[in-house]
**Q** 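My questions all concern the structure below.
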Amino acid sequence: MSTVEHSIATTNVSAFDVNKIRGDFPALHQEIHGHPLIYLDTGATAQKPQAVIDALSHFYAHDYANVHRAVHTLGERATQAYEGAREKMRKFIHAASTREIVFVRGTTEAINLVAQSFARPALRAGDEIILTQMEHHSNIVPWQLVCEQTGAVLRVVPVNDDGELVIEELEKLISPRTRLLTLVHLSNALGTINPVRRIIAAAHAANVPVLLDGAQAAPHLGVDVQDLDCDFYAFSGHKLYGPSGIGVLYAKETLLDAMPPYHGGGEMIRYVSFDKTEYNELPYKFEAGTPNIAGAVGLGAAIDYLTGVGIAEIAAYESDLLHYATKAAGGIPGLRLIGTARDKASILSFELEGVHPHDIGTILDRQGIAVRAGHHCAMPIMRRFGVPATTRASFGMYNTRTEIDALISGIQKAKELFR
Ligand code: 7TS
């Protein structure tokens, strides 16, 4: 049991002060179509606590300058704030060194970086990359691109009727041609938490490196990259209660060292001439150009906020919400949950007989309830379940049981309207 899992098991959910937390999120306190906003779309992006908004505004008002280049005081302050955020991130995901924390735009860019800088130079025609049927498009399309460029092929791990990976099939797919296994830690479409430790151990036994798409897991489960022993971990700041346009690629230092740069430009070099260019040290080799400085500072503030509340406490509280919602949704005739894995978090995806997800989404919006309706950028898993789309309620640390009650009566209303 990891530290986070252990503390989840021993956390007292009733001690979680959700009203205090709600008070920290200004966007939650507004009316939509005459109803109090009920924000159940944290899976798409999380609302921001005042501490993050204040950190951004303070940084722009007092400390803003470009990083790593100026000798003047503002330049030093900005660099300290930016590098301070990197250290907060290192601690948050338990990486061994800040050299392993590359700031990128988000999960999508992190995965593309690995596809182009790690996989592409190594792949030969006929080599294999394993991924799963439940991936977000951002963990499918970059690999399709690299397959087109190299002649490598994708191998896809199937998913059972509960939305769980068929692990025996995954293990069978690992072959001497496998160059990488890439999979989602917590599925955005189904809510499934994948047994990543077992999967990583199986891959490593065959010398296959593993990339985890942690876009959904980082905010809801907590991450310890050394405990997981993953080779790459990709996630986005905006789902972690931080700003958009900033995210992280974690990678083991030995891997990053051996990889060529992804983008060329300023910052990622030590020396440039027309004959020869020497690249900068890690992680700057992968951070060409002026980075999202304020984004990183805001993300640092989000991490302070999350750690202040406690990631294990958040996980336990959200788990209670999900159980409550799952039970209540189960009582609605004609509602079919898409994703009923034993190990789930934060996501309730469903279809309702006779009502299109977009209609449910619109009807709920008229009651102030924000959910996502669509394929959730995961079309292959929608096809696996024989649905074009689902309605998805996704929970954050600021949601309440009362909000879930409103969701359930909203769904019932939608059903009656379409009867
Ligand atoms: N991987 C997963 C599992 C995701 O949930 C998302 C975003 C991404 C990758 C891409 O992250 P980005 O920040 O680079 O865009 N998921 C969603 C969602 O579920 N609804 O909107 C975005």
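Worth saying up front: this structure is predicted, and the values here are computed from it rather than measured. All ligand and atom numbering here is 1-based and tracks the order in the structure.
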**Q** Regarding H68 and E267, do their side chains bring together a donor and an acceptor under 3.5 Å, going by distance alone?
**A** yes
**Q** Please could you name the atoms of ligand 1 that V184 approaches to less than 4.0 Å, counting only its heavy atoms?
**A** 3 (C)
**Q** Specify the protein heavy atom at minimum distance from atom 1 (N) of ligand 1: its residue, its atom name, and the distance to 0.1 Å.
**A**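 For this ligand atom, the closest protein heavy atom is D213 OD2, 2.5 Å.
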**Q** Does atom CZ (R366) have a neighbourhood of more than 12 heavy atoms from anything else shown, all under 6.0 Å?
**A** no
**Q** Please compare M134, H136, R105 and report which has the shortest non-hydrogen distance to atom 6 (C) of ligand 1.
**A** H136
**Q** With heavy-atom distances below 4.0 Å as the criterion, list the atoms of ligand 1 near A44.
**A**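 Numbered from 1, ligand 1 contributes 18 (C), 20 (N), 21 (O), 22 (C).
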**Q** Is there a side-chain contact between V67 and P291, using heavy atoms and a 4.5 Å cut-off?
**A**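 Touching, per the 4.5 Å side-chain cut-off.
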**Q** Does ligand 1 have any atom that is closer than 4.0 Å to a heavy atom of E109?
**A**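 Per 4.0 Å heavy-atom rule, E109 does not contact ligand 1.
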**Q** Among all protein non-hydrogen atoms, which one is nearest to atom 22 (C) of ligand 1, and what is the separation to 0.1 Å?
**A**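 Checked against all protein heavy atoms, atom 22 (C) of ligand 1 sits closest to K239 NZ, 3.3 Å.
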**Q** Non-hydrogen atoms of R392 versus ligand 1: any pair closer than 4.0 Å?
**A** yes
**Q** Considering only the protein, which heavy-atom contact is closest to atom 14 (O) of ligand 1, and what is its distance?
**A**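 Among all protein heavy atoms, the one nearest atom 14 (O) of ligand 1 is T108 OG1, 2.6 Å.
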**Q** Please could you name the atoms of ligand 1 that S236 approaches to less than 4.0 Å, counting only its heavy atoms?
**A** 11 (O), 12 (P), 13 (O), 14 (O)
**Q** May I ask you to say whether R179 pairs ionically with E128, meaning some side-chain N is under 4.0 Å from a carboxylate O?
**A** no
**Q** Just need the protein heavy atom nearest to atom 9 (C) of ligand 1, so name the residue and atom and give the distance.
**A**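 Of every protein heavy atom, S138 OG, 3.1 Å lies nearest to atom 9 (C) of ligand 1.
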**Q** Has S394 got a side-chain atom pairing as donor or acceptor with T42's backbone, closer than 3.5 angstrom?
**A**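 Present.
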**Q** Return the orientation label for the Y398 and F25 ring planes: parallel under 30°, perpendicular over 60°, tilted otherwise.
**A**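 Perpendicular.
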**Q** Answer with yes or no whether the side chains of S349 and T390 bring together a donor and an acceptor at under 3.5 Å.
**A**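 Per modelled atom types, T390 and S349 side chains form a pair under 3.5 Å.
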**Q** Do the side chains of D54 and K48 get close enough for a salt bridge, i.e. N-O under 4.0 angstrom?
**A**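 Here D54 does not pair with K48 in a salt bridge, since their nearest N and O are not under 4.0 Å apart.
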**Q** Are a donor atom and an acceptor atom from the side chains of E318 and H220 found within less than 3.5 Å of each other?
**A** yes
**Q** Can you tell me which residue and heavy atom of the protein come closest to atom 5 (O) of ligand 1, and the distance to 0.1 Å?
**A**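 Checking every protein heavy atom, the shortest distance to atom 5 (O) of ligand 1 gives Q216 NE2, 2.8 Å.
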**Q** With a cut-off of 4.0 Å, which atoms of ligand 1 are near a heavy atom of G43?
**A** 17 (C), 18 (C), 19 (O)
**Q** What protein heavy atom sits nearest atom 20 (N) of ligand 1, and how far off is it?
**A**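 Checking every protein heavy atom, the shortest distance to atom 20 (N) of ligand 1 gives R372 NH1, 2.5 Å.
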